[in-house]
Each structure stands twice: as structure tokens, then as C-alpha cells.
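Nothing fancy with the numbering, it's 1 onward along the sequence.
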Amino acid sequence: MANEVKRYLHDGMELPFEDWSKTLHSFNDLASIVQTTHDAAQSSAVKAINRMQTMRNWLIGYYIVEFEQHGKDRAEYGTQLLKKLEERVDRKGLTTTLFKWARKFYRLYPQMMENLPIPICATVMHQLQPIENKEDTIGASMTHQFVTPGKTIISHLSFTHLREIMTLDDPLARYFYEQECIKCTWSVRELRRQISTNLYVRAGISANPEKLPAWIITSSFLPICCNCPTKRRLRIFC
């Protein structure tokens, strides 16, 4: 009889754990459990690093925006702020391009503040970029209603995924792709492909945003992923 698999948990990371004290095991068993333990630890470490990078980038965006608004010597740096920041910080990966994405990330995803132990900005919701209304009656209310929680984002989407989603101006489209990406566990490549082939438009949500609530509920059971047989029933072709 196989041993009951338990979980070793530490700071949000976990490893499978089996009690070997009461049963005999072969060398193959040993090799298998060592490999499984290693793979699980490696996967957990990668997830932890991804989460840390995501929150790092959000905080960098926060600091940049706050400096641009309240920095005592902000006028001195002006339009060259990000370039001069890259030169002064001088750390691999911290480039002007990343700073631009970090700033946008902070503005588009104020809900990431949920992942902090205490609020850092009471007016963070006001940092959102203006949203163009498409003359529909549900625009603003739906935009505020359909927001993926910050804790969900950090647990399921890497910053690379978020960069792809942030190329979209429509907040409802971003929400749509966040939800589908999470449920279908899309890779970055697959997410990029779905965006480039306008799944949001083909699903009819862009023309009829009021369908979004029903779509999200339905797609919870019928995810639209690349190799999903249900896509034929939904007449969504990848």
C-alpha cells in the first residue's frame, strides 16, 4: 500500500512528504522520491521568485509614480528620469524599459496592494489611467466590478504574462484574458497568441460587454484553451 502523501509547508512553499519509517523501499523508490522532492522544491522556488519579482516591479512603479508627483527634486530629472534612474541604480535587469512597465503596472493594478501587510497609499485607486468609455451603459460600473484580486494575480500570473495583458487598453479585455489565462494555465506564448488572434473579440464580448458576467461563469466550466475539446461546442476556434 502506498504511503500517504503529506505536505511540508514553509512560508508559502510546500514539498510532498511520505513516511518511510514503517515500510520497505527499493532503490527505484529512492531514486523516484529524490527526483520528485527535487522537482517540487525547484518548482516552488521558481514560483516564489516569480511572485517576488512581480511585487518588486509593482513597488518600483509605486516609488516612481510617487516621486514624479511629490519628489522634492523631480523637476531636475524631468523627462530623463527613468534613464537617469537606470544609470544611478546600475543593477542587471533594472532598465528604462522595466521602469516603464513597472510604472504602468502600478497604475493599472492598484489591487496588488492587497499583497502588502499594510496599505501604502490611501489614494492608490486614483492612480489609474483614464479609461475611455464606449458609450455603453455598463462601462464604468463593470470596470470596477470585474477586477481580478491582487492575491489571485500574484499566485497565478507571472509578470511576463502581465506585460502581455498590459498591452491592452480595454480594462474588460484585460480582465477577460486574466481569467482565461488563469483557468487554462496558458503559457506566455499561448497568451500572446490568443491576444493576437483576438479571442476577446471573437467571443463577442468586445461588442457586447454585458455578456462578460455570463461568459466568465460559463467558461469556469468550459475553459477556452488551445487543446480543449469544448472550444468546438463554444464555436471558438484557436
Side-chain angles (χ1 to χ4, degrees), residues 10-14 41-131 147-171 173-175 177-178 181-182 185-196:
H10 180 72
D11 289 344
M13 297 178 287
E14 66 177 51
Q42 191 171 51
S43 176
S44 186
V46 169
K47 290 179 181 178
I49 291 172
N50 284 338
R51 293 177 185 180
M52 187 62 68
Q53 287 182 333
T54 298
M55 283 309 300
R56 177 204 67 177
N57 294 340
W58 190 86
L59 283 170
I60 287 174
Y62 162 74
Y63 294 130
I64 290 173
V65 170
E66 286 300 306
F67 179 82
E68 288 176 326
Q69 294 183 352
H70 307 296
K72 62 181 181 181
D73 53 351
R74 61 187 184 277
E76 178 182 343
Y77 298 94
T79 59
Q80 294 297 312
L81 171 64
L82 302 187
K83 180 61 178 177
K84 293 181 178 179
L85 183 61
E86 176 184 348
E87 295 171 353
R88 177 68 65 85
V89 173
D90 192 24
R91 291 289 188 276
K92 183 178 180 180
L94 298 186
T95 64
T96 300
T97 299
L98 176 67
F99 295 151
K100 289 179 180 178
W101 281 112
R103 182 170 57 189
K104 187 171 186 177
F105 183 33
Y106 169 71
R107 287 173 169 164
L108 294 181
Y109 288 88
Q111 67 267 37
M112 295 303 291
M113 185 171 58
E114 298 171 7
N115 298 302
L116 300 177
I118 58 174
I120 60 174
C121 180
T123 59
V124 67
M125 289 300 293
H126 300 148
Q127 305 295 343
L128 283 169
Q129 293 178 332
I131 298 171
V147 175
T148 304
K151 293 184 182 296
T152 301
I153 288 175
I154 199 171
S155 297
H156 296 89
L157 297 174
S158 69
F159 188 69
T160 310
H161 284 97
L162 292 168
R163 278 184 54 163
E164 295 296 327
I165 294 172
M166 284 192 288
T167 61
L168 302 168
D169 294 328
D170 186 344
R174 290 197 298 270
Y175 178 77
Y177 284 109
E178 289 161 10
C181 188
I182 290 171
T185 61
W186 285 339
S187 65
V188 174
R189 181 178 180 181
E190 181 61 24
L191 170 62
R192 186 181 300 123
R193 190 177 76 84
Q194 295 289 2
I195 292 175
S196 68

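Between Asn115 and Gly150, the shortest heavy-atom contact is ND2-O, 3.2 Å. For the pair Pro149 and Gln111, the tightest heavy-atom approach, listed with the atom from each and the gap, is C-CG, 4.1 Å. When every heavy atom of His161 is checked against every heavy atom of Cys181, the shortest pair comes out as CD2-SG, 3.5 Å. Of all heavy-atom pairs between Thr96 and Glu86, the closest is OG1-OE1, 2.7 Å. Taking both residues in full, the closest heavy atoms of Leu168 and Ile195 are given as CD2-CG2, 4.0 Å, listed atom of the first, atom of the second, then distance. The shortest heavy-atom contact between Met166 and Leu108 is CG-CD1, 3.9 Å.
The structure places CD1 of Ile64 at 14.5 Å from NZ of Lys104, a figure rounded to the nearest 0.5 Å. Interatomic distance, OH of Tyr62 versus CE of Met55, reported as 11.5 Å (0.5 Å rounding). Here Leu98 contributes atom CG and Asn57 contributes atom CG; the two are 5.0 Å apart, rounded to the nearest 0.5 Å. With rounding to the nearest 0.5 angstrom, the CZ atom of Arg88 is 11.0 Å from the CG atom of Asp90. The CG atom of Leu191 sits 10.5 Å away from atom OG1 of Thr160, with the distance rounded to the nearest 0.5 Å. Atom OG of Ser158 is separated from atom NZ of Lys47 by 12.5 Å, given to the nearest 0.5 angstrom.
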For this session: Take Tyr109 and Ile165, measure what side-chain contact (heavy atoms from CB on, under 4.5 Å) needs, and give me the verdict at the end.
Result: CA-CA 11 Å; Tyr109 288 88; Ile165 294 172; 3.5 Å; yes
Problem set entry | Full working for side-chain contact (heavy atoms from CB on, under 4.5 Å) between Gln53 and Phe159 | CA-CA 7 Å; Gln53 287 182 333; Phe159 188 69; 5.7 Å; no
For this session: For salt bridge (charged side-chain N to carboxylate O under 4.0 Å, His left out), just list the numbers for Glu114 and Lys151, CA-CA rounded to whole Å, side-chain angles, deciding distance to a tenth of an Å, and then say yes or no.
Result: CA-CA 7 Å; Glu114 298 171 7; Lys151 293 184 182 296; over 6 Å; no
Problem set entry | Evaluation steps, side-chain contact (heavy atoms from CB on, under 4.5 Å), between Val147 and Tyr175 | CA-CA 6 Å; Val147 175; Tyr175 178 77; 5.6 Å; no
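Between Trp58 and Met112 there is a side-chain heavy-atom pair separated by less than 4.5 Å. Between His156 and Thr152 the shortest side-chain heavy-atom distance falls below 4.5 Å. Using a 4.5 Å heavy-atom threshold, the side chains of Phe105 and Thr54 count as touching. Counting heavy atoms from C-beta on, the side chains of Asn50 and Ile154 never come closer than 4.5 Å.
Remark: Glu190 engages Arg193 in a salt bridge, criterion side-chain N to carboxylate O under 4.0 Å.
Aromatic ring centroids of Tyr106 and Tyr63 lie 6.0 Å or more apart.
Atom NZ of Lys84 has more than 12 neighbouring heavy atoms from other residues, nucleotides or ligands inside a 6.0 Å radius.
For Thr148, the side-chain hydrogen bond (donor to acceptor under 3.5 Å, both in side chains) partners two or more places apart in sequence, or in a different chain, are Glu178, Gln179. Evaluation of the side-chain hydrogen bond (donor to acceptor under 3.5 Å, both in side chains) rule for Glu68 yields Arg103 as partners, not counting sequence neighbours.
A distance-only check finds no donor-acceptor pair linking the side chain of Arg74 to the backbone of Lys72 [under 3.5 Å]. Distance alone, capped at 3.5 Å, places no donor-acceptor pair between the Trp186 side chain and the Tyr177 backbone.
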